[in-house]
Amino acid sequence: MALKLYNTLTRQKAEFEPIDPKNVRMYVCGPTVYDYAHIGNARPVIVFDVLFRLLRHIYGPEHVTYVRNITDVDDKINARAARDYPDVPLNEAIRKVTEATEKQFHADIAALGVLLPTYEPRATEYIRRDDGRETMVSLIETLVERGNAYVAEDHVLFDVSSMPDYGRLSNRSLDEMEAGARVEVAPYKKGPMDFVLWKPSKPGEPAWPSPAGIATPGRPGWHIECSAMAGALLGPVFDIHGGGIDLTFPHHENEIAQSRCAHGTSVMANVWMHNGFLQVEGEKMSKSLGNFITINQLLADGWPGEVLRLNMLRTHYRQPIDWTKKGLEESRKILAGWFALDGLDTTDRTSISREVLDALEDDLNTPKAIAELHGLASAKDVKNLGAALGFLGLDGTTLRKANERTAETAQSIASTVIPLITARLEARKRKDFAESDRIRDELAKMGISLKDTKNKETGEIETTWEVTR
RNA sequence: GGCCACGUGGCGGAGUGGUGACGCAGCGGACUGCAAAUCCGCGUACCCCGGUUCAAUUCCGGGCGUGGCCUCCA
């Protein structure tokens, strides 16, 4: 089966045809580094990691270029830096915030089994540079020259009226947008939907020499950075652009406007993919509700990264997810069941089952793929199951780490537990089941569960135990 | 108000114009002193109302509900 992907641009699922099968190119909007990544941020990272793995499988690992940026210039970063490091010069404080957050982000997603993208550019590296690559400043200059952007009060603004099909991705017309606009329009804008490409910096704020003859130093608007990084690393037209569904408008719409007008192309990327939103325990995740869940917190609570990953993939990427504790428990059980099978090896990827690949090639139908995994598990086909799990980024690494931690806990309490188990076995031998059960209950309260097995050779009852919490 | 998704059994979640995927939970059985683990078995679900059709959960229309965007939140 050929790879099919749903394209937001056409609102249809269609067969994917790369521009150049020798170099399949994908761009995904990455995080703005000012705070811990939350579980909603994890979704596109995981979803597009699966797509990256699939593309590498189909076209060959050396024939796929995946760019996921780091946004390290943004007003939210400035605000956070000023708040957290009030006694440090702003630029230095910003560096502290972005470096620490970026490091944390990488640690978090590594636990989720996410491969490194081919390139992970930082926005600040693409404002200006001297190697001839596309930059935000060069894009802005081009847009001004071509009449798609104008200078007003030290800002550079994109003139949306200069682009006839602005709004095509999000399927809305300029009239509709203007009618529905609820924001106060800055007086220097020609049209209410015009958006900022460049804005002046206040003293002390990060600032770069401005384009288009503006004397005051400034900084880029949000949308231009993705256009610049995508253009610099993937060229004017590439295959796939991904991100959260909330970015469709205005971010992606504006990216398209900038890139297409600057490059004179009819599309920026052929396929636009958007992952659905995530709710927590049936409610919208928000700071005011206090249900903001970070990846870091989930990991700290003892959930192996692979459980988070599986939990994410149990829902199709375009569907909304209700992220619940119950779902996590279920994912943990499923994974534990698979990894308990004898002979499972996730490093041998020679036989990834056709059924699993077919499911993934059908617009990344991960729930279907997971159902196939269940089938392989019940057929005890550990060869195909292991291969598919490894392929999906569920290679057991974080499960093993969690098991090691449990083993350490077990070791630390073994001296308390073992005498109790011995006493219970003795009670059992003399058929004092009341005492035997009392000891088992006592252990259960400590989070220890027991298993009695009969030794086939000696006929003796033996008890194994494990820490369940 | 405009635009867009989505509504399947207790829960999660595929899929299909006509034989009730799959998983978790639950129930029954085997095993066990009893459990646990394991194995075997068990479910008459497709938001509502119309329409098309021999036949609709699946197609069409309307309604209701949930969520998203229209505010530099993935």
Side-chain angles (χ1 to χ4, degrees), chain A residues 6 8 11 28-32 35 37-48 71 74-76 167 170-173 175-184 193 195-196 199 220-225 242-254 274-279 282-287 292 310-311 313-322 324 326-334 337-338 340 359 362 365-375 377-378 427-429 431-434 436-437 440-441 444 449-454 461 463-466 468:
Chain A
Y6 181 87
T8 306
R11 271 150 246 288
V28 173
C29 294
T32 301
D35 203 351
H38 58 67
I39 193 63
N41 295 315
R43 193 170 191 189
V45 174
I46 293 172
V47 162
F48 292 104
T71 297
D74 182 90
D75 287 351
K76 286 195 294 286
S170 51
N171 191 32
R172 49 188 101 193
S173 70
D175 290 347
E176 279 168 9
M177 285 186 258
E178 289 173 9
R182 293 186 299 191
V183 251
E184 206 172 316
M193 298 313 293
F195 57 90
V196 170
K199 53 191 167 186
W222 178 40
H223 313 297
I224 195 72
E225 58 176 69
I245 194 169
D246 57 318
L247 295 182
T248 311
F249 189 89
H251 184 55
H252 291 162
E253 198 71 71
N254 292 350
H274 293 98
N275 63 270
F277 239 60
L278 179 147
Q279 284 182 277
E283 283 182 321
K284 181 174 173 162
M285 183 164 63
S286 72
K287 284 187 175 155
F292 219 79
L310 177 67
N311 198 238
L313 296 178
R314 291 201 310 151
T315 300
H316 183 85
Y317 76 93
R318 285 193 279 125
Q319 293 285 111
I321 291 190
D322 187 14
T324 62
K326 194 179 169 188
L328 280 172
E329 292 285 4
E330 201 175 314
S331 299
R332 189 175 53 74
K333 268 184 205 174
I334 292 167
W338 288 338
D362 182 14
N365 192 340
T366 52
K368 182 87 180 295
I370 289 165
E372 299 296 346
L373 259 37
H374 284 300
S378 56
R428 282 200 46 171
K429 267 187 196 156
K431 301 215 188 300
D432 184 353
F433 296 120
S436 163
D437 290 350
R440 186 168 61 199
D441 290 346
S449 63
L450 303 181
K451 245 186 253 187
D452 292 338
T453 49
K454 193 178 270 182
I461 297 294
T463 301
T464 57
W465 60 285
E466 62 177 12
T468 49

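Remember, it's a predicted structure, so these values are computed and weren't measured experimentally. Just so it is clear: chains get the letters A, B, ... in the order the sequence lines come, proteins before strands, and each one is counted from 1.
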Between B/G9 and B/C47 - C1' atom distance, rounded Å: 14 Å
Sugar-phosphate only, base, or nothing, as touched by A/Gly40 at under 4.0 Å among non-hydrogen atoms: base
Nearest heavy atoms of A/Asp322 and A/Gly282, plus distance in Å: OD1-N, 2.6 Å
Nearest-neighbour nucleotide for the A/Phe249 side chain, B/C73, B/C69, B/A74 considered: B/C69
Residue-phosphate contact under 4.0 Å: A/Lys284 side-chain N/O, B/G68 OP1/OP2: yes
Rounded distance in Å between the P positions of B/A5 and B/G63: 16 Å
Phosphate OP1/OP2 of B/G12: any A/Asn311 side-chain N/O under 4.0 Å: no
Aromatic ring pairing A/Trp338/A/His374, orientation class (parallel under 30°, perpendicular over 60°, tilted between): tilted
Sugar-phosphate only, base, or nothing, as touched by A/Gln319 at under 4.0 Å among non-hydrogen atoms: sugar-phosphate
Touch class at under 4.0 angstrom, heavy-atom based, for A/Lys199 against every strand present: base
Under-3.5 Å donor-acceptor pair between A/Glu330 side chain and B/G12 base: no
Ring centroid separation A/His223 to A/His252 under 6.0 Å: no
Between C1' of B/C6 and OH of A/Tyr6, the distance in whole Å: 12 Å
Residue whose closest nucleotide on RNA chain B lies nearer the 5' end, A/Asp452 versus A/His316: A/His316
Minimum side-chain heavy-atom gap A/Thr453-A/Ile461 below 4.5 Å: no
Pairing of A/Asp35 and A/Lys76 as salt bridge, 4.0 angstrom limit: no
Between C1' of B/C73 and CD of A/Glu283, the distance in whole Å: 17 Å
Closest to side chain of A/Arg428, choosing from B/A74, B/G10, B/C34: B/C34
Base-pairing mate for B/U32 - Watson-Crick or G-U, with both contacts under 3.5 Å: none
A/Lys326, nearest nucleotide to its side chain (from B/U71, B/A74, B/G10): B/G10
B/G28 and B/G43, which share atom name P, separated by this distance in whole Å: 15 Å
Selection from B/G23, B/C72, B/C6 that lies nearest to any side-chain heavy atom of A/Trp222: B/C72
P gap between B/C11 and B/C46, integer Å: 13 Å
Side chains of A/Thr248 and A/Glu253, donor plus acceptor under 3.5 Å: no
Sugar-phosphate, base or nothing in reach of A/Ile334, heavy atoms under 4.0 Å: sugar-phosphate
Gap between atoms NZ and C1', on A/Lys368 and B/C22 respectively (whole Å): 11 Å
Value in whole Å for how far the P atom of B/A35 lies from CD of A/Glu466: 19 Å
Side-chain H-bond candidate by donor/acceptor type, A/Thr366 with A/Arg314, under 3.5 Å: no
B/G12 base / A/Asp322 side chain donor-acceptor hit below 3.5 Å: no
Nearest-angstrom distance from the residue atom NZ of A/Lys454 to P of B/A35: 16 Å
Any donor-acceptor N/O pair under 3.5 Å between B/C6 base and A/Arg318 side chain: no
Sugar-phosphate only, base, or nothing, as touched by A/Ile370 at under 4.0 Å among non-hydrogen atoms: nothing
Derivation and outcome, side-chain hydrogen bond (donor to acceptor under 3.5 Å, both in side chains), residues A/Asp452 and A/Thr463: CA-CA 4 Å; A/Asp452 292 338; A/Thr463 301; 2.9 Å; yes
P gap between B/G15 and B/C6, integer Å: 12 Å
Atom-pair distance (CH2 on A/Trp338; P on B/C22), nearest Å: 15 Å
Whole-Å P distance, B/G65 and B/C54: 35 Å
Distance below 4.0 Å between A/Thr315 side-chain N/O and B/G13 OP1 or OP2: yes
Base of B/A35 paired with side chain of A/Arg440 (donor-acceptor, under 3.5 Å): yes
Sugar-phosphate only, base, or nothing, as touched by A/Arg43 at under 4.0 Å among non-hydrogen atoms: nothing
Span that lies between the P atom of B/U32 and that of B/A45, in whole angstrom: 38 Å
A/Asp437 and A/Arg428 ion-paired at < 4.0 Å: no
Closest to the A/Asn171 side chain, choosing from B/C4, B/C70, B/C34: B/C4
Any side-chain heavy-atom pair of A/Leu328 and A/Lys333 under 4.5 Å: no
Pi stacking test for A/Phe277 and B/A74: under 5.5 Å apart, planes under 30°: yes
Distance below 4.0 Å between A/Lys431 side-chain N/O and B/C34 OP1 or OP2: no
Nearest to side-chain heavy atoms of A/Phe433, which nucleotide of B/G33, B/U71, B/C72: B/G33
Who pairs with B/A14 - Watson-Crick or G-U, where each distance is under 3.5 Å: none
Out of B/A21, B/C6, B/C34, whichever nucleotide has its closest atom nearest the side chain of A/Ala371: B/A21
Distance in angstrom units between A/Gln279 CD and B/A74 P, rounded: 17 Å
Whole-Å P distance, B/U57 and B/A30: 40 Å
Under-4.0 Å side-chain N/O to phosphate OP1/OP2 contact, A/Asn275 with B/A74: no
Opposite nucleotide pairing with B/G61, Watson-Crick or G-U, both atom distances under 3.5 Å: B/C49
Pair partner, B/C27 [Watson-Crick or wobble, under 3.5 Å]: B/G41
Atom-to-atom span, CD1 of A/Ile245 to C1' of B/C4 - whole angstrom: 7 Å
5' precedence on RNA chain B between A/Cys29 and A/Arg11 (nearest-nucleotide basis): A/Arg11
Pairing nucleotide - B/U66, Watson-Crick or G-U, each distance under 3.5 Å: B/A5
Sugar-phosphate, base or nothing in reach of A/Lys451, heavy atoms under 4.0 Å: base
